[in-house]
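Below: one structure, written as structure tokens.
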Amino acid sequence: MPEGPSIIILKDLIADLHLGKPKVLEVAGNVTTIDKERLLHQKINSFKSWGKHFLICFDDFTIRIHFMLFGTYLINETKKTPVKLGLTFKQDQINFYTCKVDLLEGDINDHYDWRSDIMSEHWDNKLAVKKLKEIPSSYICDALLDQDIFGGVGNIIKNEVLYRTKVHPLSKIEDIPIAKLKAIIKEAQHYSFDFLKWKKENTLSKHWEVYQQKKCTKDHQVTKKELGKTKRQCYVCTICQKKYTPK
DNA sequence: ACGTATGTTATCCT
DNA sequence: TAGGATAACATACG
């Protein structure tokens with residue numbers, strides 16, 4: 001569920017319901033982080049997303065859903081797991097499970113910079129370059145997971161982007177040529193949209209070139225190891241992927 | 001059947 | 001005190 005493109009899929013599914021600006025007729029769920037009364041009988045203006053966050057925008061506040069690692073949702077269905085937050089409209093119902101729910105006060109635009117959402121039409125390559133230059137000693141594998149820079153990028157995207165741009169995860173930003181850095185940023189956005197397309201087709205895993213692979217596309221051995229400050233799984237072809245080091 | 005994992009954060013420890 | 005390690009969440013997949 002988690003990475004940015006998966007949130008777009010949810011947003012698209014809700015758009016397909018043609019809800020317009022629906023009024024919340026019932027609020028269910030065992031959520032403890034928000035006051036459910038706040039939503040009852042209120043009108044939803046829009047459903048948005050930022051990175052891995054799904055946003056339900058009301059007049060004066062926004063409900064933020066984060067699915068973390070295990071979160072799921074069902075539209076016009078329920079399951080046995082206790083629902084965390086369930087919203088019922090005139091015709092339809094959306095149920096969220098195992099997720100983190102928060103309420104953001106005021107205008108949603110005051111909470112988010114849409115330029116750093118990898119799936120946004122406002123995504124800004126130059127801003128990403130600027131932010132990367134501010135953390136020169138970070139490893140690129142950590143930087144790609146930094147939600148303040150690459151909102152929506154997760155571990156799959158990270159691994160595939162580094163393989164496709166032929167960069168070793170333990171290259172430090174200051175050692176990567178600027179042209180290569182820009183290529184990584186561009187590919188992060190490009191691969192995220194491929195991810196979206198393939199996920200919709202149910203063929204995402206077929207297109208993995210390094211993530212959870214034993215051999216890369218050139219039939220080289222792929223190693224799997226927790227690398228960087230974030231200690232997330234990195235799948236690396238040490239033949240195809242270059243580790244940039246100080247001159 | 002079991003081990004692993006698309007994520008983040010609070011808390012405990014050094 | 002800054003940082004790192006750990007646990008927690010609950011489910012699907014191979």
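The chains referred to below are lettered A, B, ... by the order of the sequence lines, with proteins before strands, and numbering in each begins at 1.
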Take the protein atom [atom1] of [X] and the nucleotide atom [atom2] of [N], then report the distance between them rounded to whole Å.
{"X": "Q212(A)", "N": "dG3(B)", "atom1": "CD", "atom2": "C1'", "answer": "12 Å"}
{"X": "F96(A)", "N": "dG7(B)", "atom1": "CZ", "atom2": "P", "answer": "19 Å"}
{"X": "F195(A)", "N": "dT6(B)", "atom1": "CZ", "atom2": "P", "answer": "11 Å"}
{"X": "K224(A)", "N": "dA5(B)", "atom1": "NZ", "atom2": "C1'", "answer": "9 Å"}

**Fill in**
By side-chain contact (heavy atoms from CB on, under 4.5 Å), D219(A) pairs with (sequence neighbours left out) K215(A)

**Prompt:** With sequence neighbours left out, what residues match T78(A) under side-chain contact (heavy atoms from CB on, under 4.5 Å)?
**Reply:**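 T78(A) satisfies side-chain contact (heavy atoms from CB on, under 4.5 Å) with Q93(A), N95(A), Y97(A) once adjacent residues are dropped.
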
**Request:** Would you write the dot-bracket representation of DNA chain B, where each base gets (, ), [, ], | or . depending on whether it forms a Watson-Crick or G-U pair under 3.5 Å and with which partner?
**Result:** .||||.||||||||

**Prompt:** Think K52(A) has a side-chain N or O under 4.0 angstrom from the OP1 or OP2 of dT8(B)?
**Reply:** yes

**Asked** With side chains defined as the heavy atoms from C-beta onward, is the minimum distance between Q233(A) and E226(A) less than 4.5 Å?
**Response**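 Yes, side chains in contact.
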
**Item:** Other ILVMFWY residues reachable from L127(A) by side-chain steps of under 4.5 Å
**Value:**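 L127(A) shares its hydrophobic cluster with no other residue.
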
**Prompt:** Hey, does the Lys NZ or Arg CZ of K100(A) hover above the aromatic six-ring of F67(A), less than 6.0 Å from the centre and inside 45° of the axis?
**Reply:** no

**Message:** Can you pull out the residues from residues 226-236 of chain A that lie within a 4.0 Å heavy-atom distance of DNA chain B?
**Reply:** R232(A), Q233(A)

**Message:** Looking at D146(A) and K131(A), is there a salt bridge between them, counting it only when a charged N and a carboxylate O are closer than 4.0 Å?
**Reply:**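 A salt bridge is absent here (no side-chain N lies under 4.0 Å from a carboxylate O).
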
**Message:** On a heavy-atom basis, which atom in E187(A) and which in R164(A) lie closest, and how many Å separate them?
**Reply:** OE2-CD, 3.6 Å

**Complete:** In 5'-to-3' order, the base (B), backbone-only (S) or no-contact (-) status of each nucleotide in nucleotides 8-14 of chain C, using a 4.0 angstrom heavy-atom cut-off, is -BBB---

**Prompt:** In whole Å, what separates the P atom of dA7(C) from that of dT4(B)?
**Reply:** 15 Å

